[in-house]
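Notes to accompany the following structure.
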Number of protein chains: 2
Amino acid sequence: MRYFVAVAEELHFGRAAQRLGIAQPPLSRAIGRLERRLKAVLLERSSRAVTLTEAGAVLLREARAALEAVEAAERRTRRAAHAPAGQAGVVLVTKAGASSELLAKLLDAHAAEPDAAGVDLLLCGMGEQGPMLRDGRADVALLHLPFDTTAGLDTEELCTEGQVAILPAGHPLAGRPHLRTADVTGLPGLPMPRWPGPDGTYPAGPGPRARDHAQLLQLIALGRACWIAPESCRTQLRAGLAAVPVPDAPTVTTVIAWPPHSRSRAVADLVRTAIRVTS
Amino acid sequence: MRYFVAVAEELHFGRAAQRLGIAQPPLSRAIGRLERRLKAVLLERSSRAVTLTEAGAVLLREARAALEAVEAAERRTRRAAHAPAGQAGVVLVTKAGASSELLAKLLDAHAAEPDAAGVDLLLCGMGEQGPMLRDGRADVALLHLPFDTTAGLDTEELCTEGQVAILPAGHPLAGRPHLRTADVTGLPGLPMPRWPGPDGTYPAGPGPRARDHAQLLQLIALGRACWIAPESCRTQLRAGLAAVPVPDAPTVTTVIAWPPHSRSRAVADLVRTAIRVTS
DNA sequence: GGGCGGCGATACCGCACGGGTATCGGCCCA
DNA sequence: TGGGCCGATACCCGTGCGGTATCGCCGCCC
C-alpha cells in the first residue's frame with residue numbers, strides 16, 4: 001500500500017521506487033500483485049505516462065488514511081511503552097503562538113489535578129494539527145475554527161472571541177476605535193503576508209512571506225504588513241504594534257479535539273479539565 | 001496486527017491461532033517480532049494466563065482502527081473497480097425500518113438528478129452504521145441522534161422530530177392526547193423490549209426480546225410490550241397499534257454522515273440532495 | 001526514417017521471512 | 001509427584017520479496 005501511494009503520487013515508477021529505497025522491478029510487480037488481489041486496474045500505463053484510474057483514485061484516498069492509521073498505532077504504542085514509570089503521557093499539539101493564555105491555564109489546572117498524566121507540548125504550523133492527530137504524533141489538539149478543520153475528530157468547544165487588526169503602532173488607522181475588514185485588506189503598502197502551504201511553497205500573489213508568528217509580528221512592526229488575528233493575541237503583542245477590534249471579522253472558536261477511537265482516560269481527563277477551565 | 005488483535009481479544013494464543021487459521025507457534029513468534037519491532041511489551045504471559053499491558057491496550061484500540069481502515073480501502077477499491085460501466089455506486093446504510101419516508105424522498109430526488117451515481121441501499125441493525133462506514137461496507141449513512149454516535153464522522157443535520165409512544169390499540173393510555181416518559185416506562189405488563197447488543201447477546205433484565213422492528217411491532221400489537229419511537233414511524237404503523245405523543249422524550253435528529261476522508265463527488269452529491277430535500 | 005533514450009514489464013536468482021511439526025519448560029492441580 | 005495445559009523454542013520447508021539483467025514499446029531528434 002505504501003508502494004501504491006508512492007506511485008500514485010509520483011505517477012512514475014522509477015521515481016517512486018527511488019523514494020521507497022527499492023528498485024523499480026519489484027515495485028512494478030508489487031503493484032501488479034495488488035491489482036490482481038483487488039481485481040482492479042489501478043493505474044493506466046501508456047508507455048509515456050502513468051495515470052490514475054477511478055478505482056486508483058479511490059484507493060489513493062483510502063490508502064493514505066489507512067497508512068496514517070497504522071503509523072498512529074505504531075507511534076502511540078511506542079509512546080505508551082516508553083513512557084517512564086508506566087505513566088502514559090499525552091501529547092497536546094497546538095499552533096505555535098496561538099491561545100497561549102488558555103494553554104497556560106489549562107496546563108496549570110491539569111498539573112494541579114491529582115494523579116494527572118504528564119502532558120508533552122508540541123507546537124506546529126498552521127493546519128498541521130489534523131494530520132498530527134491522525135498519524136499518532138499527538139493525542140489532543142487545540143484548534144481554531146473556522147481556520148482549522150475538525151473533520152473526523154471529536155471536539156468540545158472551549159471559547160469564542162472576536163478578532164483584531166494588528167497594525168504598526170504609528171499607522172493612521174491604529175488610533176481608530178474599531179475597523180471593518182475592508183479597511184484592512186486593501187491597504188496600500190500594508191498587504192497581508194503569505195503563509196507557506198503544507199507542501200512548503202508559498203501561494204502566488206503580493207505580500208511578504210512569513211514562516212511563523214514571530215516573523216509576522218516583526219514584519220508588521222517594520223511597517224511592511226498588517227494582519228487580522230484573534231483578540232487573545234493582544235496579551236503577547238510586542239512594542240511597536242497596535243491592535244484594533246474588527247467587529248465584522250468572523251469570530252474565532254477555540255475547540256479541543258481528539259481522534260474518536262483514542263479516548264483514553266488521560267485524554268478524557270485533559271478534555272474535562274479544559275472545559276472546566278473555560279466555562 | 002490482525003494477529004495481535006486476535007490474541008488480545010482471546011487472551012489465549014491457542015484459541016487465537018485457531019481463529020486465525022494458523023498454528024500456535026507462528027503466532028507466538030509473530031507477536032514476539034511485533035514486540036521487538038515496537039520495542040514494547042504488549043502481553044504479560046504468566047504461564048497460566050495472558051494479560052494486556054498498558055501499551056497492549058493502546059495498540060489494541062489503535063490496531064482495530066487501523067485494520068478497519070485497510071479493510072475499508074480494499075472494499076471501496078473493489079467496489080469502485082467492479083462498478084458496471086465505470087459508474088461508481090454509493091452504498092447508503094440506515095437502520096432497517098427507520099426514516100423510510102425521508103429515505104424514499106431522498107432516493108427519488110437523487111435518481112432524478114442528471115448524471116446521478118447509483119445508490120445501493122443497505123439496511124442494518126441498531127448502531128451498526130458506524131462500523132459499516134469505517135470498514136468500507138458503506139459510504140454514507142442516515143443516523144438518528146441521540147441513539148447513534150457520530151464520533152469520527154462528518155455530518156449534516158437533516159431534520160428533527162419528537163417521539164411518540166407505541167401502544168397496543170386497546171390500551172387505556174392509547175386514548176390520551178399525550179403522555180410523559182414516566183407514564184410509559186414503568187407500565188405493569190408492558191415492559192420495554194430488549195435489543196441484542198453488537199455481540200448478539202441480550203442485556204439482562206425483564207422485557208421480551210426483539211430482533212428487529214417487525215418483531216417489536218408484533219410484540220406491541222400482542223400486548224406484550226410498548227415502545228417510544230420517532231414520530232415519523234406513525235406512517236408505517238400496522239393495525240392494532242396506537243401512537244401517542246411524548247413531549248418530554250428527547251427529540252430525535254436525523255443526520256446524514258460519511259467518513260471524512262472519503263468525500264467523493266458521488267457522496268457529496270447525495271449529501272447535497274439530502275439537504276435540499278429536507279430544507 | 002532510423003537510432004537513441006526513457007520507461008515499464010519480464011526473466012531469473014537468492015535470501016529471508018512466514019508457516020508447519022515436534023518438542024521443551026514452567027506452572028497449576030490432582 | 002505426575003499429568004495436562006500452554007506458551008516458547010528448534011528445525012525444516014516453501015513462498016514472497018528484493019536484486020540484476022534484459023526486453024519491448026514508443027516518442028524524439030538528428
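Residue numbers start from 1 in every chain, and the chains themselves are labelled A, B, ... in the order their sequence lines are given, proteins ahead of strands.
For A:A268, the side chain to side chain contact (heavy atoms under 4.5 Å, CB included) partners are A:R263, A:R272, not counting sequence neighbours. Listed by chain and residue number, A:R61, B:A266, B:V267 satisfy the side chain to side chain contact (heavy atoms under 4.5 Å, CB included) test with B:S264 (two or more places apart in sequence, or in another chain). In this view, B:E156 satisfies the side-chain hydrogen bond (donor to acceptor under 3.5 Å, both in side chains) rule with no residue, not counting sequence neighbours. Applying the salt bridge (charged side-chain N to carboxylate O under 4.0 Å, His left out) rule to B:R276 yields the partners B:E113; only residues at least two apart in sequence or on another chain are considered. Not counting sequence neighbours, the partners of A:A72 by the side chain to side chain contact (heavy atoms under 4.5 Å, CB included) test are A:R76, B:E62. By the side-chain hydrogen bond (donor to acceptor under 3.5 Å, both in side chains) test, A:T53 is found to be paired with no residue, residues two or more places apart in sequence or in another chain being considered. A search for side chain to side chain contact (heavy atoms under 4.5 Å, CB included) contacts involving A:R37 returns A:L34, B:E74, not counting sequence neighbours. Contacts of A:H261 classified as side-chain hydrogen bond (donor to acceptor under 3.5 Å, both in side chains), with partners at least two apart in sequence or in another chain: none.
Residues B:A23 and A:G14 each lie close to DNA chain C; by heavy-atom proximity, the contact nearer the 5' end of the strand is made by A:G14.
Residue B:L42 contributes atom CG, which lies 15 Å from atom P of D:dG7 at whole-angstrom precision. Here C:dC17 presents its C1' atom at 7 Å from CZ of B:R33, a figure rounded to the nearest Å. Taking atom CD1 of B:I31 as the reference point, atom C1' of D:dG7 lies 12 Å away to the nearest angstrom. Regarding B:I22, its CD1 atom lies at a distance of 11 Å from the C1' atom of C:dG20, rounded to whole Å. Atom-to-atom, CZ of A:R36 to P of D:dC17 comes out at 10 Å; the value is rounded to the nearest Å. Rounded to an integer number of Å, the gap from A:L34 CG to D:dG16 C1' is 15 Å.
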**Study point:** Candidate pair B:D120 and B:R79, rule salt bridge (charged side-chain N to carboxylate O under 4.0 Å, His left out), full reasoning
**Key:** CA-CA 11 Å; B:D120 290 332; B:R79 282 216 316 268; 6.0 Å; no
Point to revise | Working for salt bridge (charged side-chain N to carboxylate O under 4.0 Å, His left out), residues B:E35 and A:R78 | key: CA-CA 10 Å; B:E35 289 185 316; A:R78 279 211 166 85; over 6 Å; no
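The list of side chain to side chain donor-acceptor pair (under 3.5 Å) pairs with a residue in residues 6-15 of chain A, not counting sequence neighbours, reads A:E9-A:R19, A:E9-A:R64, A:E10-A:R15, A:E10-A:R19.
For the helix from C:dG1-D:dC30 to C:dA30-D:dT1, the axis fitted to the five pairs at one end and the axis fitted to the five pairs at the other end meet at an angle of 10° (nearest 10 degrees).
For the contact set between residues 1-12 of chain B and DNA chain D, defined by any heavy atom under 4.0 Å, the members are B:H12.
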Each nucleotide N or O in nucleotides 8-10 of chain D that has a protein N or O under 3.5 Å away: list the pair and distance.
residue : atom : partner : partner atom : Å
D:dA8   : OP1  : B:R45   : NE           : 2.7
D:dA8   : OP1  : B:R45   : NH2          : 3.3
D:dA8   : OP2  : B:S28   : OG           : 2.6
D:dA8   : N7   : B:Q24   : NE2          : 3.1
D:dA8   : N6   : B:Q24   : OE1          : 3.4

